[in-house]
Amino acid sequence: MTQSPDKRAYKRVDHTANLSLKTTDTENQMIQAKMVNYSRQGMCFRTGEKLKIGQEIYIIIDEFDPESDGPEQNDSYTGYIRWSEELGTSMPGGQYGYGVQYQVPVE
């Protein structure tokens, strides 16, 4: 495994998809999000909800397609929030970007 120039172990692929998220804090509530990019080891998404670094997260791909060669080939992923960024947009309540590391890397 070689590292990419930005020190990531796996190449990130720009890709947008609608997501629904659950956390241990929001088990009965779905959080809407938008994927920004993905790799074998994780993904980046944006949402208006504030989440905690280290928090376990369950990600559901809204446009699941088993024939896809992108992240939609799996209907869901489980992982952990590894970083967050306040995006400071004009949306009410703000907008946040998050990086998730999958529990099991995608083959």
Side-chain angles (χ1 to χ4, degrees):
M1 162 177 53
T2 60
Q3 287 193 338
S4 63
D6 63 1
K7 299 184 181 179
R8 290 189 170 129
Y10 298 101
K11 179 183 174 199
R12 288 274 170 174
V13 177
D14 290 338
H15 185 81
T16 59
N18 293 321
L19 308 173
S20 297
L21 314 172
K22 285 187 191 180
T23 69
T24 53
D25 295 342
T26 62
E27 286 182 21
N28 297 322
Q29 173 190 355
M30 297 300 277
I31 298 169
Q32 299 307 304
K34 177 79 77 175
M35 180 191 311
V36 177
N37 62 48
Y38 70 94
S39 75
R40 280 191 66 225
Q41 200 168 24
M43 75 171 59
C44 175
F45 64 82
R46 293 181 178 171
T47 183
E49 298 292 325
K50 191 151 182 121
L51 304 171
K52 299 175 198 156
I53 293 176
Q55 187 170 33
E56 185 174 12
I57 191 162
Y58 183 68
I59 302 166
I60 300 164
I61 305 292
D62 292 344
E63 295 97 11
F64 169 62
D65 177 5
E67 302 300 318
S68 170
D69 61 355
E72 295 90 356
Q73 69 184 349
N74 296 317
D75 61 348
S76 63
Y77 298 86
T78 303
Y80 297 92
I81 304 288
R82 292 295 178 221
W83 59 264
S84 68
E85 174 182 31
E86 192 166 348
L87 300 175
T89 65
S90 60
M91 295 182 71
Q95 186 78 0
Y96 305 92
Y98 295 97
V100 172
Q101 181 179 2
Y102 305 137
Q103 278 186 346
V104 178
V106 177
E107 294 299 321

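The chain is numbered in sequence order, starting from 1.
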**Asked** Any side-chain heavy-atom pair from Asn18 and Glu63 closer than 4.5 angstrom?
**Response** yes
**Item:** Counterpart residues, side chain to side chain contact (heavy atoms under 4.5 Å, CB included), relative to Tyr80 (two or more places apart)
**Value:** Glu56, Arg82, Gln103
**Item:** side-chain hydrogen bond (donor to acceptor under 3.5 Å, both in side chains) evaluation trace for Tyr58 with Ser76
**Value:** CA-CA 7 Å; Tyr58 183 68; Ser76 63; 3.2 Å; yes
**Asked** Quick one: are Thr47 and Gln32 in side-chain contact, heavy atoms under 4.5 Å?
**Response** no
**Request:** Enter the distance from Leu21:CG to Ile57:CD1 here, rounded to the nearest 0.5 Å.
**Result:** 4.5 Å
**Request:** Starting at NZ of Lys22, measure out to CD of Gln29 and round the result to the nearest 0.5 Å.
**Result:** 11.0 Å
**Message:** For residues Val36 and Val100: do they belong to one hydrophobic cluster (side chain heavy atoms under 4.5 Å, members Ile, Leu, Val, Met, Phe, Trp, Tyr)?
**Reply:** no
**Asked** Measuring from Asn37:CG to Arg12:CZ, what's the distance to the nearest 0.5 Å?
**Response** 5.0 Å
**Asked** Could you state the interatomic distance from OH (Tyr38) to CD (Glu72), rounded to the nearest 0.5 Å?
**Response** 7.5 Å
**Message:** Closer than 3.5 angstrom, by distance alone: can the side chain of Tyr77 be matched with the main-chain N or O of Pro71 as a donor-acceptor pair?
**Reply:** yes
**Fill in**
OG1 (Thr23) and CD1 (Ile59) are apart, to the nearest 0.5 Å, by 11.5 Å
**Request:** Check whether any side-chain heavy atom of Tyr102 sits under 4.5 Å from a side-chain heavy atom of Asn74, and report yes or no.
**Result:** no
**Message:** Does anything in residues 37-49 form a salt bridge (Lys or Arg N to Asp or Glu O under 4.0 Å)? List the pairs, not counting sequence neighbours.
**Reply:** Arg40-Glu107
**Asked** Between Ser39 and Lys11, which heavy-atom pair has the shortest distance, and what is it?
**Response** CB-O, 3.3 Å
**Complete:** By salt bridge (charged side-chain N to carboxylate O under 4.0 Å, His left out), Lys50 pairs with (sequence neighbours left out) none
**Prompt:** Any idea which heavy atoms bring Phe64 and Gln73 closest together, and the distance?
**Reply:** CE1-O, 3.4 Å
**Prompt:** Is there a donor-acceptor pair closer than 3.5 Å between any side-chain N or O of Tyr98 and the backbone N or O of Leu51?
**Reply:** yes
**From CG (Leu19) to CE (Met35), nearest 0.5 Å** = 5.0 Å
